[in-house]
Number of protein chains: 2
Amino acid sequence: MSPNVTSSAASSDAEAGQQRILEAAERLFAESGYDGTSTSAVAAAAGVSKATVFHHFPTKDALYLAVLRNSCRSGTELLAEISGSGLDALARIRRFASEHLQEMCNDEQRARLVLREVTGFGAAGGQAVAEQVVHDHFVRLVGMLREGQTAGLLRDDLDPAAAALTLMGGNLTYFLTRDVLRHLPGGNFADDPAYFSEALASIFFDGVRAGRNRSNE
Amino acid sequence: MSPNVTSSAASSDAEAGQQRILEAAERLFAESGYDGTSTSAVAAAAGVSKATVFHHFPTKDALYLAVLRNSCRSGTELLAEISGSGLDALARIRRFASEHLQEMCNDEQRARLVLREVTGFGAAGGQAVAEQVVHDHFVRLVGMLREGQTAGLLRDDLDPAAAALTLMGGNLTYFLTRDVLRHLPGGNFADDPAYFSEALASIFFDGVRAGRNRSNE
DNA sequence: GTCTATATAATGATAGAC
DNA sequence: GTCTATCATTATATAGAC
C-alpha cells in the first residue's frame with residue numbers, strides 16, 4: 001500500500017507487527033510478570049500467531065528485555081529537564097518528587113514493569129537494565145540535595161543518599177501499595193497523588209515534630 | 001520410634017514431612033514467586049516426591065497460601081508488644097520503625113513473601129492475606145502518631161496516615177531495593193539497617209531543612 | 001512476515017502399589 | 001504417608017508452506 005518511505009516512521013506495516021507485539025507484551029508483562037505471561041498470551045493479545053512473535057524476537061527473554069528497555073527509556077527522559085530550571089534546590093527537589101510520582105501514576109504499566117525489577121521481584125536479567133533508571137533518578141536527586149546543603153538550605157549533617165532514599169521511598173511505596181492503601185483507615189488519598197506529594201514534601205522538609213515555626217508556604 | 005504423644009510438638013515424624021515441605025516452599029516462593037516456583041522444585045528441595053506434596057496440600061495454591069499465612073503470622077507477632085511500653089509516642093514511633101526494619105532484614109524470606117503480595121507483584125489470592133499484616137502495622141503506627149498529636153509532640157496539621165506511609169515507605173523501600181542500593185553512589189549503608197533507621201528517623205521527625213534548632217539526642 | 005502444524009520439555013495433578 | 005508411574009495440559013520454540 002504505502003510506497004518506499006525511508007523516514008523513521010516508515011516501513012508502515014513492516015514494523016507495525018513488531019510494535020503491536022511490543023505493546024501487548026508490555027501490558028501483559030506489567031500485569032502478570034515474566035513467569036505469569038506466556039508467549040501464546042502475547043500473541044493472542046497482539047492479534048498474531050505465536051510463530052510471528054518468535055519471528056520478531058528470538059526468545060521470550062529477548063522480548064521481555066526489549067519491552068523493559070523501552071519502558072526504562074521513557075522513564076529517564078521525562079525527568080531529565082526538570083533538574084535544569086531557575087528554581088532553588090529546595091523547590092527543584094519538591095518538584096522532582098512530585099513529578100516523579102505523577103509520572104509513575106500516569107504510566108502505571110511502565111512504572112510497574114521497572115519497579116518489578118528494582119524490587120527484586122522480577123526475573124531474567126532485567127534487574128541490570130532497570131537499575132539504570134533508578135541510578136539516574138537517584139544521582140540526580142542526590143545532586144540536588146548536595147546543592148541544597150552547600151547553599152545552606154539543607155542540614156549539613158545529613159546523608160544525601162539516605163535522604164534521597166527516604167524521599168523516593170515515599171513515592172515508590174505510595175505507588176506500589178495504592179491498592180492496599182485504599183483499604184486502610186485514612187488511606188483515602190490513594191487516588192490523589194498530588195495530595196500525598198504535598199504531605200510527603202512537608203514531612204521531608206520540616207519533619208513531623210511540633211513546636212517549630214514552619215516556614216514558607 | 002516415638003510412642004503416642006499427644007502434645008502439640010507430637011506426631012514426631014508425622015508432621016515432619018509437612019513441615020519440611022512448608023520450609024522448602026517458603027524459601028522457593030520467596031526467591032522466585034508463585035509462578036517461578038514449580039511443585040517439582042518444592043518436592044525436590046523438601047526431599048520428597050511430588051505426590052507427597054500433593055498429599056499434604058490439595059493444590060499448589062493451597063500450599064502457597066499456607067506458606068503465606070505462616071509468614072504473615074510471624075510478621076504481626078513480633079511488633080505487637082513494642083507499642084506497649086512506658087515510652088512517649090515519639091520514642092515508640094522511633095522504636096517501632098527501627099524494629100520493623102530490623103525484623104524484615106532478620107527474616108528476609110518471610111518479608112519478601114509478604115511484600116510481594118503487598119506491592120501487587122504476587123499471585124493467586126495472596127493479596128488479601130498479606131493485607132492484614134500491613135493493616136496491623138499501619139493502624140498501630142497511625143495510632144501512635146495520633147497519640148503524639150494529642151500529646152502536643154507532633155504537628156497537628158499532619159495527616160497521620162500520610163505520615164505513616166512515609167515512614168513505612170522508607171523502611172520498605174530500603175529493604176526492597178538493597179540490592180540495587182549497593183550499586184548506587186553513597187549507598188554504602190545498604191548493609192547497615194541501623195544506620196538508615198537513624199537517618200530516616202532524623203528526617204522524619206525534624207526534616208531536612210536547615211536553620212532550625214534540632215532538639216533531643 | 002505471517003501462518004498452520006509440530007516437536008519437546010515441563011507443568012499441575014492423579015492412580016494405585018507399598 | 002510415601003512412593004513410581006502416568007495423565008492431560010501448557011510451556012517455549014521450530015519447520016516449512018504461502
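In what follows, chains carry the letters A, B, and so on, assigned in the order in which the sequence lines appear, proteins first and then strands, with residues in each chain numbered from 1. From a predicted model like this one, the values you see are computed outputs, not experimental measurements.
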Between [N] atom [atom2] and [X] atom [atom1], what is the distance in whole Å?
{"X": "B/Phe57", "N": "C/dT14", "atom1": "CZ", "atom2": "P", "value": "15 Å"}
{"X": "B/Leu22", "N": "D/dG1", "atom1": "CG", "atom2": "P", "value": "13 Å"}
{"X": "B/Arg20", "N": "D/dG1", "atom1": "CZ", "atom2": "C1'", "value": "12 Å"}
{"X": "B/Ile21", "N": "C/dA13", "atom1": "CD1", "atom2": "P", "value": "14 Å"}
{"X": "B/Tyr64", "N": "C/dT11", "atom1": "OH", "atom2": "P", "value": "18 Å"}

Consider only side-chain N and O atoms of [X] and [Y], and report whether a donor and an acceptor are under 3.5 Å apart.
{"X": "B/Tyr34", "Y": "B/Asp61", "result": "yes"}
{"X": "A/Ser202", "Y": "B/Arg155", "result": "yes"}
{"X": "B/Tyr195", "Y": "A/Asp159", "result": "yes"}

Quiz prompt | Sidechain N-carboxylate O distance under 4.0 Å for A/Arg112, A/Glu31 | solution = no
Self-check item: Presence of B/Ser49 side-chain N/O under 4.0 Å of D/dC3 phosphate oxygens OP1/OP2
Solution: yes
Quiz item: Can a side chain N or O of B/His55 be found less than 4.0 Å away from OP1 or OP2 on D/dC3?
Solution: no
Practice problem: Summarise how protein sits on nucleotides 8-15 of chain D as a single string, 5' to 3': B when a protein heavy atom is under 4.0 Å from the base, S for sugar-phosphate-only contact, - for no contact. | Solution: ---SBBBB
Quiz item: Considering residues at least two apart in sequence or located in another chain, which fulfil the ring pair (Phe, Tyr, Trp, His ring centres under 6.0 Å) criterion with A/Phe196?
Solution: A/Tyr174, A/Phe189
Practice problem: Tell me, with the steps shown, if A/His137 and A/His100 meet ring pair (Phe, Tyr, Trp, His ring centres under 6.0 Å). | Solution: CA-CA 9 Å; A/His137 289 175; A/His100 178 234; 5.3 Å; yes
